[in-house]
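The model shown is predicted, which means the values in this text are computed figures rather than measured ones. Letters A, B, ... are given to chains in the order of the sequence lines, protein chains preceding strands, and every chain is numbered from 1.
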Number of protein chains: 2
Amino acid sequence: MTQLQRRKIPDAAIARLPVYLQILNNLAAANVLRFSSDELAALAGVNAAKVRKDLSYLGSYGTRGVGYEVTYLTHQIKRELGLMREWNVVVVGAGNLGCALAKFDGFLSRGFPVIAIVDNDPKKIGRTTSSLTVGDVKDLKSIVRDEKISIGVITTSAASSQAAADALVEAGITSILNFAPVVLSTPSSVSVRSVDLGVELQILSYFEQMRLETGGKSENAPQLNSAGAR
Amino acid sequence: MTQLQRRKIPDAAIARLPVYLQILNNLAAANVLRFSSDELAALAGVNAAKVRKDLSYLGSYGTRGVGYEVTYLTHQIKRELGLMREWNVVVVGAGNLGCALAKFDGFLSRGFPVIAIVDNDPKKIGRTTSSLTVGDVKDLKSIVRDEKISIGVITTSAASSQAAADALVEAGITSILNFAPVVLSTPSSVSVRSVDLGVELQILSYFEQMRLETGGKSENAPQLNSAGAR
DNA sequence: AGGGCTTAGTGCATTAATTCACTAAGTCAA
DNA sequence: TTGACTTAGTGAATTAATGCACTAAGCCCT
């Protein structure tokens with residue numbers, strides 16, 4: 001393999017790496033030094049061969065007969081995912097969800113500090129929520145530039161979400177996490193991941209319905225989301 | 001095909017049906033009566049053949065040369081997903097995210113009213129948030145029974161999430177939406193979907209990193225999450 | 001030093017998902 | 001009524017993902 005080019009990791013594997021990483025953090029906290037693919041597989045709820053294959057995309061970082069080192073592999077996964085640094089985040093939409101996410105510990109603790117929050121509603125602009133003052137979406141461009149923001153999170157209403165996306169793109173953002181139940185249209189150079197909480201419940205509804213109809217005999221497919229961004 | 005048995009719809013297709021449904025709602029709101037697979041494909045950002053195949057799993061509800069009827073197909077998708085009725089929801093964990101979700105319009109409007117919210121922290125129990133009083137997680141069983149709750153949403157800390165899941169299962173819940181960054185262990189008869197917001201950002205981070213390394217030349221795979229629940 | 005044991009890495013078969021490209025079935029205009 | 005046109009439905013090819021089962025390496029005990 002030519003050295004320079006980055007390995008092409010399958011989307012499905014990319015989506016699992018953060019899960020492995022989370023588990024490695026827990027192992028480290030429990031002072032575990034080493035683990036085998038079997039152990040990680042059990043903790044992640046997947047097949048051991050899949051763990052080995054996923055990790056092999058990073059390189060050959062295990063030791064046969066022994067396993068993988070927690071700290072070393074943690075480092076490698078973080079490197080691959082681009083987590084050796086922090087990525088600043090701006091939240092667009094200062095409603096319930098937006099404010100909750102701005103305070104949300106799970107962003108900061110994983111290296112994604114929410115640096116700014118903006119809205120287009122004059123009634124919300126200027127309010128303060130957890131040490132952040134709601135800015136004007138019109139100022140997005142300068143905020144993104146001045147605060148070196150890399151990722152935009154859209155928590156507006158469905159109706160405003162496309163405008164929010166347009167504003168983010170215009171401001172130079174190339175990674176968007178969208179919570180509005182809308183398929184955004186953006187240039188192909190921008191990565192978009194959409195989390196539609198309604199969709200999640202509707203999928204559960206399908207299986208619940210199934211269970212009622214079949215009297216609970218239905219088997220459950222494994223839950224796995226693929227990576228990839230549009 | 002024997003009539004009684006429910007069609008087996010691929011996970012990937014199940015995950016797309018709610019997206020189509022959302023778009024159909026928008027079309028209906030715009031007084032559109034009919035649409036072709038090409039049109040829906042464009043709106044959903046997918047391939048037209050995929051749309052036709054996905055819809056064909058529901059039955060043969062289109063008309064060749066014409067397309068599909070918005071209201072009729074809406075009905076069929078809702079029937080298939082089990083959305084002809086409401087499913088009551090309980091939120092476990094009355095922190096920022098839990099309270100925001102309890103108020104969140106996107107749940108109620110899609111047929112998933114949040115009927116109760118519980119916590120294990122005495123300081124939070126008894127507080128009121130948007131017409132709901134925080135209950136005690138110890139009372140989960142009776143709450144689930146009395147309020148006919150079908151779905152549990154976990155918004156606790158990572159540390160408490162497994163206990164929350166156990167409590168939900170113990171209370172008879174068979175569908176769980178988990179926001180804690182933990183791989184829950186539950187009986188196989190329970191459907192679990194996990195939404196880890198940190199993971200979503202970490203996936204974006206990967207592509208952002210990639211873009212930096214390759215000078216923006218990287219192509220983007222389409223974002224698609226499969227259904228399925230564990 | 002050697003043999004048995006453990007476990008990573010991987011080629012290959014299998015399964016799932018996607019997409020192509022064709023066929024069937026309808027509309028509409030003349 | 002016929003022929004041109006549109007579009008759903010689907011068999012089959014392709015691509016992606018998974019998981020088995022084997023091989024290669026390293027450790028440890030005697």
Side-chain angles (χ1 to χ4, degrees), chain A residues 1 7-17 19-20 24 32-70 72-73 76-77 203 219-228 230, chain B residues 1 7-17 19-20 24 32-70 72-73 76-77 219-230:
Chain A
M1 144 176 34
R7 267 168 293 270
K8 166 64 184 156
I9 304 185
D11 283 349
I14 294 288
R16 283 187 294 268
L17 289 179
V19 176
Y20 299 153
L24 293 196
V32 174
L33 298 179
R34 280 209 263 257
F35 65 95
S36 68
S37 59
D38 270 303
E39 290 164 339
L40 180 52
L43 293 170
V46 301
N47 178 296
K50 193 186 281 183
V51 167
R52 290 198 296 275
K53 190 151 282 187
D54 286 346
L55 297 184
S56 78
Y57 295 124
L58 306 177
S60 197
Y61 297 136
T63 309
R64 296 175 191 222
V66 180
Y68 302 87
E69 263 187 56
V70 173
Y72 187 56
L73 198 72
Q76 294 302 334
I77 294 180
I203 293 170
E219 83 302 341
N220 272 311
Q223 138 146 9
L224 280 173
N225 296 326
S226 72
R230 227 191 343 90
Chain B
M1 145 177 35
R7 267 167 294 269
K8 166 64 184 154
I9 304 186
D11 283 349
I14 293 288
R16 283 187 296 266
L17 290 179
V19 177
Y20 299 153
L24 293 195
V32 174
L33 299 180
R34 282 209 261 257
F35 64 94
S36 68
S37 59
D38 270 304
E39 290 165 340
L40 180 52
L43 293 170
V46 301
N47 179 297
K50 193 186 280 183
V51 167
R52 290 198 297 275
K53 189 146 281 187
D54 286 346
L55 297 184
S56 77
Y57 294 125
L58 305 177
S60 196
Y61 297 135
T63 308
R64 296 175 190 221
V66 180
Y68 303 86
E69 263 187 55
V70 173
Y72 186 57
L73 198 72
Q76 294 303 333
I77 294 180
E219 83 302 341
N220 272 311
Q223 139 146 8
L224 281 174
N225 296 325
S226 72
R230 226 188 343 86

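Phosphate contact (OP1/OP2 of C:dG9, side-chain N/O of A:Tyr68, threshold under 4.0 Å): present. Look at B:Ser37 and you'll find a side-chain N or O under 4.0 angstrom from OP1 or OP2 of D:dA8.
Between the CD1 atom of B:Ile9 and the C1' atom of C:dA16 there is a distance of 15 Å, given to the nearest Å. In this structure, CG of A:Asp38 is placed 12 Å from P of D:dC20, rounded to the nearest angstrom. At whole-Å resolution of the value, CG in B:Leu40 and P in D:dT7 are 14 Å apart. The distance between atom OH of B:Tyr61 and atom C1' of D:dG9, rounded to the nearest whole Å, is 14 Å. Atom NZ of A:Lys53 and atom P of C:dC12 are 11 Å apart (whole Å). As rounded to whole Å, 11 Å separates atom C1' of C:dT7 from atom CD of A:Glu39. Regarding B:Lys50, its NZ atom lies at a distance of 17 Å from the P atom of C:dA21, rounded to whole Å. Rounded to whole Å, atom C1' of C:dG11 lies 12 Å from atom OH of A:Tyr57.
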Starting at the 5' end of nucleotides 22-30 of chain C, put B wherever the base has a protein heavy atom under 4.0 Å, S where only the sugar-phosphate does, and a dash everywhere else. -BBBSS---
Taking it one step at a time, do A:Val46 and A:Leu40 satisfy side chain to side chain contact (heavy atoms under 4.5 Å, CB included)? CA-CA 8 Å; A:Val46 301; A:Leu40 180 52; over 6 Å; no
Side chain to side chain contact (heavy atoms under 4.5 Å, CB included) between B:Val51 and B:Tyr20: does it pass, once the steps are laid out? CA-CA 9 Å; B:Val51 167; B:Tyr20 299 153; 3.8 Å; yes
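The side chain of A:Asp11 lies closest to D:dA17 when the candidates are D:dA17, C:dA17, D:dA8. Of the candidates D:dT7, D:dA17, C:dG9, C:dG9 carries the atom nearest the A:Ser60 side chain, counting heavy atoms from C-beta on. Of all nucleotides listed (D:dG19, D:dG11, D:dA17), D:dA17 comes nearest to the side chain of A:Pro10.
The two residues A:Arg16 and A:Asp54 make their nearest non-hydrogen contact at NE-OD2, 2.6 Å. Residues B:Asp11 and B:Lys8 approach most closely at OD1-NZ, 4.2 Å, considering heavy atoms. For the residue pair A:Arg34 and A:Val70, the shortest heavy atom distance occurs at N-CG2, 4.0 Å. When every heavy atom of B:Leu24 is checked against every heavy atom of B:Ile77, the shortest pair comes out as CD1-CD1, 4.1 Å.
Aromatic ring pairs are classed by plane angle as parallel below 30°, tilted from 30° to 60° and perpendicular above 60°; the pair A:Tyr68 and A:Phe35 is parallel.
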